[in-house]
Amino acid sequence: MFNLIHADTSWYIWFALIGLTVCLLSCSTHLVRLVRLGKPKDFSKKVGNTQKAIMYSFTGAMNPAKKESAFMHLPTYTAGILYHLGTFLSIAVFFLMIFNIYFEGLLYWIIPAFLFITGLNGLGILIKRMIKKELLALSNPDDFISNILVTLFQFITALTILNIQLSPVYFVLTGILLLYFPVGKLKHTVYFFAARYHLGFFYGWRNAWPPKKI
Amino acid sequence: MENLTQEKIDKGLEVFENFKDSKLLTHLNSCVHCGLCAESCIYYLTDHNEKYIPAKKVDLVASIYRRYKTFIGKIAPKLVGARELNNETVEEMIDLLFGACAMCGRCVSHCSIGVDISYLVSTGRKMLSNMGYVPESLQATVNAAIETGNNMGISDQDFVDTLTWLEDDLRFEVNDDNAKIYLNEKGKDILYTLNPREPKFFPLSISAMAKIFHVAKESWTLSTKMYDVTNYAYYSGNNEEAAIISQRLYDEIFNLNAKTCVLAECGHGSRAFRWEGPNYIQKEYPFDVTTSVEFIGKYIREGKIIVDPEKIQQKVTLHDPCNLARSGGVIDEQRYILEKSVKNFIEMSPTKADNLCCGGGGGQLAMSEYNDRRMKIAELKAEQIRKTGAEIVVTPCHNCADQLIQINAAFKLNVQIKTIAEIVADAIVMP
């Protein structure tokens, strides 16, 4: 199952590791800052259950049937979900690659195939951003760069699983992605969770979430 | 607009100093510009102009934060779309944050991430307020409240005169010469507030609530000194002025030694005093605050008032005020009341927390500069009402009622607009 792809750690792996360190430090800095700032200090009288509401914010409120951003845009929503799944999988694969673990058997084919599909979804989202005037008006260079880097990350992960010789390119590209991470919107990796927390807290305090029956 | 001075810019940027908790920092950094919030906004749904996409409004505020408060925004602003706070930006902010957002919060619950968009719009309004760019008409409403004690500048004498004839009317209505509209009475259980539109334009809603209190044998009073439930400084973004208004009501509840403050049917007013007020004045309330909708529901449940749905045979629909329902959690109570009080209640679609804003929120009714835009977006609400086939539209908000009255006239809906108290007063069975 396991095999070493590189007996000694090459420069490009070091490059990726530096990227990973920068990325983790950046994420940690944002996280620590959020934690230090703390939860909202509200002087009004709480009438709901904030814990339940925060739970709902991460579960029921994320139900695509309840979000217009999902059910009114099913192709984009589905593409977005697949794209994110591809990103999480690619990150997992990255950690395995660092430890020189590669795939055999069915996984050798299934994972790259899945990543090609998720990468294509990322590409679709990128094209949509380029051609839809509403999205173009919303976008800045970071929106494109972030998408391109993550999409390439998924494609190169898939290709490198299939062909180990591509690992220098793989680690360099991954390093660039990780170094770019703190620059722009990719840091929503951290802020997404904080946003859902705050939303649950806000609605829960006022007893608007979770939805109730008389 | 005169050129922005550095002093004004600094004042605007003060909103990004000293975060009091992690909420603002979170929402400033969360939007991914997916644009999927567009169809949740009544302005975008009406005009399909990309400038109305909620994410665009978020970015107006967040891009300024990035420009002045982040390392990347300072060294490579174009890369992350960081914007200078200059005349062009300010003009765009005024137009979009004041003139094209009802702060209804509908986009918030539908945002794929969970960005509190109306909170960021409110932050942008605060920036503009700090810089002195609140639209004149909205500021005039706030000034009237601060200078006269109510946003319509009604004199005490006019107010008392109105209540006097309403009291006569109440006695006739309930056939009881002892029926009273209590005024400035100390030690009552309830201090009831009003939207100044009531004494000014819709006094019958006061007598409707007085009738309900009378039948429920409630211990209640109004105050001449401070009865205004509204707080337009919540919309102007001036927290200091909002605190003055909240503090006045707080002081009057103390002065009259009331146990509970019951807020009149006013979406933003109930939000501004119940939820935002304690934060404006930085202290917890030692008394209870509730809405009249919840109180009426309680009366029906406890049998303190009996309603007969047979009295109202017309088809009735309900408009949910955004600040009361979506952002205030009062969603089912008004439905319980209507199901008990009318024969034929039909929901709008979408409804409850997803109901569309009438277009009068966010201070839009007070900002005459944007009247045309406000009535244009109102078409969505008109269509919603038309599809129900209702003859009566009930809304627990005088601000919404005002907008609905204008919608009724503009789109020839031929419906009656009523508040919850008015419909319950019509359905009430006299003991």
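Residue numbering restarts at 1 for every chain, and letters A, B, ... go by the order of the sequence lines.
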Problem set entry | Backbone N/O of A:Leu135 and side chain of A:Ser139: donor-acceptor pair under 3.5 Å | yes
For this session: Sort A:Tyr203 into side chain, backbone, both or neither according to what part of it lies under 4.5 angstrom from a heavy atom of chain B.
Result: side chain
Exercise. Atom NZ of B:Lys259 and atom CZ of B:Phe287: how far apart are they, to the nearest 0.5 Å?
Worked result: 15.0 Å
Problem set entry | Ionic contact status for B:Lys56 with B:Glu50, cut-off 4.0 Å | no
Seminar exercise, completed: The interface call for A:Ala137 against chain B, heavy-atom contacts under 4.5 Å, is both
Problem set entry | Heavy-atom contacts under 4.5 Å, residues 28-48 of chain A to chain B | A:Arg33, A:Leu34, A:Leu37, A:Gly38, A:Lys39, A:Pro40, A:Lys41, A:Asp42, A:Phe43, A:Ser44, A:Lys45, A:Val47
Exercise. Would you say the side chains of B:Ser349 and B:Gln384 form a donor-acceptor pair under 3.5 Å?
Worked result: no
Exercise. Non-hydrogen atoms of chain B under 4.5 Å away: do they reach the side chain of A:Ile145, the backbone, both or neither?
Worked result: side chain
Exercise. Distance-only, no hydrogens or angles: does the A:His84 side chain make a donor-acceptor pair with backbone N or O of A:Gly80 under 3.5 Å?
Worked result: yes
Exercise. Do B:Phe273 and B:Tyr285 have ring centres separated by under 6.0 Å?
Worked result: yes
Exercise. Is it the side chain or the backbone of A:Lys132 that comes within 4.5 Å of chain B heavy atoms, both, or neither?
Worked result: neither
Exercise. Between B:Arg106 and A:Glu68, is the closest basic N to carboxylate O distance under 4.0 Å?
Worked result: yes
For this session: Establish, yes or no, whether the cationic atom of B:Arg271 lies under 6.0 Å from the six-membered ring centre of B:Tyr234 and within 45° of the ring axis.
Result: no
For this session: Kindly indicate whether the side chain of B:Glu92, heavy atoms from C-beta on, has any atom under 4.5 Å from the side chain of B:Arg83.
Result: yes
For this session: Flag yes if more than 12 heavy atoms outside B:Lys340 fall under 6.0 Å of its NZ atom; otherwise flag no.
Result: no
Problem set entry | Check: A:Gln51 main-chain N/O paired with A:Asn49 side-chain donor or acceptor under 3.5 Å | yes
For this session: Taking A:Tyr108 for its side chain and A:Leu162 for its backbone only, find out whether a donor-acceptor pair lies under 3.5 Å.
Result: yes
For this session: Would you confirm whether the ring centroid of B:Tyr299 sits within less than 6.0 angstrom of the ring centroid of B:Phe295?
Result: yes
Problem set entry | Side chain, backbone, both or neither of A:Leu138 within contact of chain B (heavy atoms, under 4.5 Å) | both
For this session: Measure A:Thr76 against the heavy atoms of chain B and call it side chain, backbone, both or neither at under 4.5 Å.
Result: side chain
Problem set entry | Heavy-atom pair count under 4.5 Å with chain B, highest-scoring of A:Met72, A:His198, A:Lys128, A:Lys185 | A:His198
For this session: Indicate whether the side chain of B:Glu39 and that of A:His73 have a donor and an acceptor atom separated by less than 3.5 Å.
Result: yes
For this session: With a 4.5 angstrom heavy-atom cut-off, could you sort out which part of A:Phe202 is near chain B: side chain, backbone, both or neither?
Result: side chain
For this session: Starting at CZ of A:Phe153, measure out to CG of A:Leu115 and round the result to the nearest 0.5 Å.
Result: 9.0 Å
Exercise. Checking heavy atoms, do the side chain of B:Lys51, its backbone, both or neither come under 4.5 Å from chain A?
Worked result: neither
For this session: Report, by ascending residue number, the residues of residues 61-76 of chain B in heavy-atom contact with chain A at a distance under 4.5 Å; give 'none' if the set is empty.
Result: B:Tyr65, B:Arg66, B:Ile72
For this session: Select, from A:Val190, A:Val183, A:Asn140, A:Leu186, the one with the greatest count of heavy-atom pairs under 4.5 Å involving chain B.
Result: A:Asn140
Problem set entry | B:Lys283 NZ/CZ over B:Tyr250 ring centroid, <6.0 Å and within 45° of normal | yes
Seminar exercise, completed: Bottom line for A:Trp205: the part with an atom under 4.5 Å from chain B's heavy atoms is both
Exercise. So what's closer than 4.5 Å to chain A heavy atoms on B:Ile53: side chain, backbone, both or neither?
Worked result: side chain
For this session: Could you check which of A:Ile125, A:Asp142, A:Asp143 has the highest count of heavy-atom pairs closer than 4.5 Å to chain B?
Result: A:Asp143
Exercise. Do you know which of A:Gly200, A:Ala195, A:Ala208 has the most heavy-atom pairs under 4.5 Å to chain B?
Worked result: A:Ala195
